[in-house]
Amino acid sequence: MSSRNGGAAVVETLAANGVDTIFGIPGTHNLELYRHFAAAGVRPVTPRHEQGAGYAAEAYARVSGRPGVVVTTSGPGLTNAMTAAATAYAESQPMLLLSPGVPTGTEGRDLGLLHETKDSRAAMDHLVRWSRRVRSADEAAEAVTEAFASFGGTRPRPVHVEIPLDVLEQAWTGTARSAPRTAAPAPEENAAIRAAQILAKAQRPLIIAGGGCVGATTELAALAEAIGAPVATTVNGKGALDEGHRLSVGAAVRLRALQAAAAASDALVVVGTELGDSDLWAGHITGGTVIRVDIEAGQLQKNCHADITLLADAAEALWAVLTALPTDRPQAADGPARAAALRAECRAEARTDAGSYEAINAAVREALPADGILTGDSSQVTYFGSVHFFDVPGPRQFCYTPGYATLGYGLPAGIGASLGRPGAPVATLLGDGAFMFSVQELATAVELRLPLPIVVVDNGGYREIRDQEASRGIAPVGVDLQVPDLALLATAVGAHGVRTKDPAALTGLVQDALGADRPTVIHLDWTE
Ligand SMILES: Cc1ncc(C[n+]2csc(CCOP(=O)(O)OP(=O)(O)O)c2C)c(N)n1
Ligand SMILES: [Mg+2]
């Protein structure tokens with residue numbers, strides 16, 4: 001077997017595209033990928049389940065803007081990663097999944113091969129932007145290059161490349177190529193001028209920024225300041241405007257106060273968001289004249305009618321509107337006052353759900369430096385708490401999956417975020433149910449010696465579902481769980497572990513954990 005083979009074609013192409021870290025688990029079938037990592041300067045990180053690999057890769061992409069790469073073996077390795085792939089799709093994150101596949105010529109024959117799956121490419125194709133099964137080593141390299149090209153110039157989404165076993169072993173004499181830069185469509189000048197004319201006259205403008213805005217922080221702040229518009233974000237857009245900025249209203253789009261303010265606005269700018277139901281929680285966004293900016297045409301009229309549309313990268317479109325503003329316009333000076341009032345209203349509304357989650361988040365916030373990253377999960381402490389009461393100064397500092405809302409994300413995301421932004425302090429804050437979904441990844445964090453505080457809010461099980469049962473008149477069923485002694489569990493795995501009943505103690509505990517030589521599980525006993 002030539003050592004410069006289909007596996008080398010894939011790995012060298014990863015390296016040519018700037019990949020230095022992959023998340024995956026080796027198996028019988030993907031060893032011709034693993035063979036080449038060291039020579040190509042690619043570090044393989046081994047989580048304890050492929051779903052954890054996928055979530056780590058998703059958070060890696062979220063905090064760094066670089067695509068997350070997942071390498072699984074065929075069959076179960078790949079199907080274990082499917083939930084993470086679907087998560088990256090729902091959350092618009094760039095992710096490349098690589099897996100081996102049955103040998104060429106055996107497709108669909110049900111031969112009883114090891115890890116044989118009915119049609120894994122087709123299964124993946126139903127979850128991600130595209131899934132491609134290659135036929136040669138050259139095509140494998142080409143498909144990986146195409147994957148990287150697919151992440152630029154449009155909304156990033158995951159893709160999958162399947163390399164048949166025989167192709168992984170096929171001799172390869174090619175050269176690895178980096179993907180050409182894919183340009184985004186340029187904003188249409190007339191639309192930018194019309195948008196600027198509306199905004200110049202607006203008395204009550206408002207801006208809603210989504211995940212598509214995380215690369216447009218300067219332009220967003222500049223436009224908001226120029227027109228005196230308060231800025232609210234979606235969860236994926238959290239921090240696109242510094243949440244301490246005087247025009248920031250926070251990640252407030254689900255709140256009725258924000259939705260009412262949008263309806264009462266005379267000009268509403270919506271940038272880089274589909275305004276989906278998972279953003280709006282059965283609410284609606286309408287506004288006076290609605291101006292929408294998106295890099296994907298299909299998003300421009302989705303869930304909210306737009307009067308003016310700009311199909312472009314957010315930064316370029318916002319800049320085009322800003323520079324088209326007439327210089328002799330009257331200054332709208334009351335923006336900060338309107339933002340402060342709206343922010344107070346939104347906080348009051350968020351408080352009705354947050355309860356003690358506000359204080360818990362405040363205690364962790366105090367411990368984490370400004371450049372810190374928080375990862376959360378589908379737990380009340382995250383969506384009632386951190387989203388509204390853990391302010392971040394910039395984008396890419398909050399990892400949570402509001403759309404797919406998948407349990408088990410928070411801990412592996414803490415790992416992926418730590419590797420995606422080396423040196424940045426990272427903390428994980430999540431519920432007991434969420435933690436138990438991927439508790440085995442604690443072993444990964446220990447092995448990587450990550451100084452990761454993992455604050456687990458133990459409210460005795462699936463509290464949100466218990467609450468939903470109660471509101472439907474269903475007696476608690478399947479929701480009251482026995483939670484292990486997590487401090488003890490942590491020490492067994494080689495992490496530090498502590499237990500407290502006092503949310504105020506979290507500040508000191510998280511600070512200590514950030515300075516430790518390994519992860520620390522902080523079990524907050526929040527049961528009655
Ligand atoms: C993979 C997955 N399975 C099931 C659910 C449904 N679900 C949503 S919230 C929740 C409870 C989560 O418990 P925990 O993390 O302890 O948070 P709590 O509601 O107790 O604050 C469940 C089971 C989900 N979101 N994701
Ligand atoms: Mg719970």
K.L.:
My understanding is that only residues two or more places apart in sequence, or in another chain, count here; which of them pass ring-ring contact (aromatic ring centres under 6.0 Å, His included) with Tyr60?
P.N.:
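Tyr60 satisfies ring-ring contact (aromatic ring centres under 6.0 Å, His included) with Phe23 only.
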K.L.:
For the atom pair CG (Leu506) and CG (Leu524), what is the distance rounded to the nearest 0.5 Å?
P.N.:
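Answer rounded to 0.5 Å: 5.5 Å.
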K.L.:
State whether a side-chain donor-acceptor pair under 3.5 Å links Arg254 with His388.
P.N.:
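The answer is yes; a qualifying pair exists.
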K.L.:
Below 30° counts as parallel, above 60° as perpendicular, anything between as tilted: where do the rings of Trp281 and Tyr383 land?
P.N.:
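Because their plane-to-plane angle is over 60°, the rings of Trp281 and Tyr383 count as perpendicular.
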K.L.:
Check whether more than 12 heavy atoms from other residues, nucleotides or ligands sit under 6.0 Å from atom CD of Gln301, and answer yes or no.
P.N.:
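Yes - once you tally the heavy atoms of other residues, nucleotides and ligands closer than 6.0 Å, there are more than 12.
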K.L.:
Spell out, as yes or no, whether a donor-acceptor pair under 3.5 Å connects the side chain of Glu169 to the backbone of Asp166.
P.N.:
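Answer holds: no.
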K.L.:
Looking only at side-chain N and O atoms, does Thr73 offer a donor or acceptor that is under 3.5 Å from a partner on His29?
P.N.:
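No, Thr73 and His29 have no side-chain donor paired with an acceptor closer than 3.5 Å.
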K.L.:
Kindly say whether Asp119 contributes a backbone atom to a donor-acceptor pair with the side chain of Thr117 at under 3.5 angstrom?
P.N.:
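Judged by distance alone, no pair lies under 3.5 Å.
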K.L.:
State whether the side chain of Ser64 and the backbone N or O of Gly420 hold a donor-acceptor pair below 3.5 Å, judged by distance alone.
P.N.:
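The answer is no, because no donor-acceptor pair under 3.5 Å joins these two groups.
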K.L.:
Please work out whether the ring planes of Tyr34 and Phe37 are parallel, tilted or perpendicular, with thresholds of 30° and 60°.
P.N.:
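The rings of Tyr34 and Phe37 stand perpendicular, inter-plane angle above 60°.
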K.L.:
Verify whether the ring centers belonging to Tyr409 and Tyr55 lie closer than 6.0 Å.
P.N.:
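They qualify: ring centres under 6.0 Å apart.
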K.L.:
Can you confirm whether Arg177 is buried at CZ, in the sense that more than 12 heavy atoms of other residues, nucleotides or ligands lie under 6.0 Å from that atom?
P.N.:
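It does not: Arg177 CZ has 12 such atoms or fewer within range.
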K.L.:
Between Glu107 (side chain) and Gly105 (backbone), is there a donor-acceptor pair under 3.5 Å?
P.N.:
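Answer holds: yes.
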K.L.:
Donor-acceptor pair, distance only, cut-off 3.5 Å: does the side chain of Thr375 make one with the backbone of Gly410?
P.N.:
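Yes, because the side chain of Thr375 sits within donor-acceptor range (under 3.5 Å) of the backbone of Gly410.
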K.L.:
Cut-off 3.5 Å, side chains only: do Glu58 and Gln93 have a donor facing an acceptor?
P.N.:
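Looking only at side-chain atoms, Gln93 and Glu58 do not form any donor-acceptor pair under 3.5 Å.
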K.L.:
For Ala179, does its backbone N or O pair with a side-chain atom of Asn17 as donor and acceptor, under 3.5 Å?
P.N.:
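Yes; judged by distance alone, with no hydrogens or angles, the pair exists.
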K.L.:
Atom CD of Glu139 and atom CZ of Arg133: how far apart are they, to the nearest 0.5 Å?
P.N.:
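Going from the CD atom of Glu139 to the CZ atom of Arg133 covers 10.5 Å.
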K.L.:
What I want to check is whether the side chains of Glu91 and Asn236 have a donor and an acceptor closer together than 3.5 Å.
P.N.:
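Per modelled atom types, Glu91 and Asn236 side chains form a pair under 3.5 Å.
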K.L.:
Around Arg135, counting heavy atoms of other residues, nucleotides and ligands shown, do more than 12 lie under 6.0 Å from its CZ?
P.N.:
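Open: at most 12 neighbouring heavy atoms sit under 6.0 Å from CZ of Arg135.
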K.L.:
If we ignore hydrogens and angles and just use 3.5 Å, is the side chain of Arg121 paired with the main-chain N or O of Ser131 as donor and acceptor?
P.N.:
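Answer holds: yes.
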K.L.:
Going by side chain to side chain donor-acceptor pair (under 3.5 Å), name the pairs with one or both residues in residues 431-442, residues two or more places apart or in two chains.
P.N.:
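Qualifying pairs, neighbours excluded: Glu441-Thr444.
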K.L.:
Do any N or O atoms from the side chain of Asn80 and from the backbone of Gly77 form a donor-acceptor pair under 3.5 angstrom?
P.N.:
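Pair absent, no side-chain N/O of Asn80 close to backbone of Gly77.
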K.L.:
For residues Ser386 and Asn361, is any side-chain donor paired with an opposing acceptor at under 3.5 Å?
P.N.:
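Their side chains do contain a donor-acceptor pair, which is all the 3.5 Å distance test asks for.
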K.L.:
Could you tell me whether the side chain of Trp172 reaches within less than 4.5 Å of the side chain of Asp138, counting heavy atoms only?
P.N.:
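Yes - at least one pair of side-chain heavy atoms lies under 4.5 Å apart.
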